[in-house]
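Here is the structure we will look at.
For this chain, numbers begin at 1 and follow the sequence in order. Atoms within a ligand are numbered from 1 in the order they appear, just like the ligands themselves.
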Amino acid sequence: MSDIDVLLQENRRFAPPGHFSEQAHVNSWALHQSAAADMEGYWASRARELDWFTPFTSVLEWTPPRAKWFTGGTLNVAYNCVDRHISTARRNKAAIIFEGEPGDRRTLTYWDLYVEVRKCASMLKSLGVQKGDRVGIYLPLIPEAAIAMLACARIGAIHSVVFGGFSPESLRDRMNDAQAKVVITADGGYRRGQVVPLKRNTDKALEDAPSVQHVIVVQRRPGGLGDESFADMREGRDHWWHRLMAHASTDCPAEPMDSEDVLFILYTSGTTGKPKGIVHTTAGYLTGVAATTRDVFDLKDDDVFWCTADVGWITGHSYLVYGPLANGATIVMYEGAPDWPDKDRFWEICARHGVTVFYTAPTAIRAFMKWGDHWPTRHDLSRLRLLGSVGEPINPEAWVWYHEHIGHGRCPIVDTWWQTETGAIVISPLPGITTTKPGSATKALPGYTAELLDANATVIPTGGGLLALTRPWPSMLRTIWGDDNRYVETYFSKWPGRPDLYFPGDGAKRDDDGFFWILGRVDDVLNVAGHRIGTMEVESALVEHPAVAEAAVVGKVHELKGQALAAFVTLRTGFHHSSELRDELKAFVADKIGAIARPDDILFSADLPKTRSGKIMRRLLRDIAEGRALGDTTTLADPNVVAGLKEQYESQE
Ligand code: WTA
């Protein structure tokens, strides 16, 4: 835990501006106090902000580590995100303002969304999708992605969205694990002016995913992508979205779902090779995301909310789709890259659509800083009133730049800590009341209890330790799809005999004000550009290559991405290292997992540093990759290996 000790001294303080506090939904600490006094009562009242078909009869059944929230009740997530707004003044309000990378634009009102979601739900039913069936969604960031998610929720099908940047193999593994019946994809999507061939990737994935019976293909642009070969439609299996939708009925009532019925599975990286299918359920998830969206982003009816995340990640689920729509907000959805065609695309979009609340990731903020202040200066950002950050610790310098150059000193910043597993934001400022410190996610929101613990589960009031959530919360994951033991082992076994303590895998520091400073993962999960990548996943991919005998992957500090991957590779006899092989291995990993997992460095080595029990000493490999003096090498089986590696690594740069 040595890295838990380092902490920069940050003395800057930013009190919420008076004009903001006055109008904020949450403008006193009373909410925290009442929630702490009666946690279940607090969440019950937040759950009652949703529309229920039948009210719940119990708030929480907690048999650690299993929680059931709001049992006895029935509701529907799509009904809460769409139908309930139709009978109000929101009916003709913009729900989704979409902009494609090539510049095409579409606005869907809540009424439009209501029509599309019902039709899509009927379309799924007509292909035999029933309550509880799994539907894969592998789409660009276009309105159809949100429509498909909501349509699944409407009929009780379980969606599993796979990020469009993932490879065919990643898609195949996820569809097999989930045993998906249908996949919804597109002929392509746009990224930096190129077409991402999603349908072709899907075809490749489905060569070995027998559970999938139907594929629905969205035509990304009217008239197609100008190249027929982007989608070879297979008779009987493949269907064009627009053809089926043209005949789909709007008569498709929202299925009453039990509170604990599964809403979706979302795969995320763990420390072993296989991604984990994180399972979220209906009522608790929606309660958590709806309440936190309202409080943290202070959403009002005239806000235009832009969360830049893709639907392939949890942030896209919770704060692009479900949380904002449950609140009847107007959301902005942008398909492409922030630097296409130029480095001011985001600011142009903010100005054009009058974005008021903007939520992005530190990796993007660092890129904006690097590109230069003149890009945002060109655009009118005066409607912005609140900024957010998520995905990794934000460096204080990036925080202050964001505050000055995007927020013009006027907008509070909410640095939100949470995870795929937590479903919703857990630690974050509330913008009307929290005096923020750049780099600190501050305190747990009302209804959550976060602590720092040592190895014996003793609370550490100030200093460094392991982050723990000590009480259950409504939007917590319920299990890992198909691997319930792994749920218990990964999240509730850190402190022996204490299955009530949730371990998120992060280390943190707590200061004298009780503020949390998240320091990052303490396990072998890396955070590259805000995305979690298990080192084991990349190692397994490398070892699949015929030339590779053994591989160890570590993270090294990267200026823009936060962390980058460095791989140490031992070759099989008969293979020789070369720069061609190095490039080939990088491409191989990108192909197996997706471009986000491509290693920056690959070092060939005759041996890897191991303990006498045969464990690879990653700590030492990290020292090498980051150019530090080597730490303690006394437990190594052969200390010479690591000295040689260090020399080789340095001479290569
Ligand atoms: C990291 C993304 C510091 C953390 C919502 C966590 C953060 C992992 C922050 C979850 C933050 C996320 N400050 N670190 N504000 N937000 N993290 O599942 O290590 O993709 O465990 O969920 O990202 O990543 P995930």
Which ligand 1 atoms are under 4.0 Å away from a heavy-atom of [X]?
X      : answer
Thr315 : 5 (C)
Val390 : 5 (C)
Thr416 : 9 (C), 11 (C), 15 (N), 16 (N)
Arg521 : 19 (O), 21 (O)
Asn527 : 1 (C), 23 (O)

> Just wondering, do Trp495 and Asp454 contact through their side chains at under 4.5 Å, heavy atoms?
Replying inline: no

>> Using side-chain heavy atoms (C-beta onward) and a distance below 4.5 Å, is Phe305 in contact with Leu320?
In response: no

> Does Gln419, backbone or side chain, put an N or O under 3.5 Å from an N or O of ligand 1?
Replying inline: yes

Nearest protein heavy atom to [atom], by residue and atom, and its distance?
atom                    : answer
atom 23 (O) of ligand 1 : Gly391 O, 3.2 Å
atom 3 (C) of ligand 1  : Pro393 N, 3.0 Å
atom 18 (O) of ligand 1 : Thr420 OG1, 2.6 Å
atom 24 (O) of ligand 1 : Arg532 CD, 3.0 Å
atom 5 (C) of ligand 1  : Trp418 CE2, 3.5 Å
atom 6 (C) of ligand 1  : Asp506 OD2, 3.3 Å

> Knowing that exactly one of Arg345, Arg192, Lys370 qualifies, which makes a salt bridge (charged side-chain N to carboxylate O under 4.0 Å, His left out) with Asp339?
Replying inline: Arg192

> Between atom CG of Leu467 and atom CG of Leu452, what is the distance when rounded to the nearest 0.5 Å?
Replying inline: 6.5 Å

>> With rounding to the nearest 0.5 angstrom, report the CG to CH2 distance, Leu266 to Trp481.
In response: 13.5 Å

Test of ring centre spacing under 6.0 Å for [X] and [Y]:
X      : Y      : answer
Phe492 : Tyr502 : yes
Trp417 : Tyr448 : no
Trp399 : Phe14  : yes

>> Closer than 3.5 angstrom, by distance alone: can the side chain of Asn527 be matched with the main-chain N or O of Gly391 as a donor-acceptor pair?
In response: yes

> Mind checking whether Trp313 has a heavy atom under 4.0 Å from ligand 1?
Replying inline: no

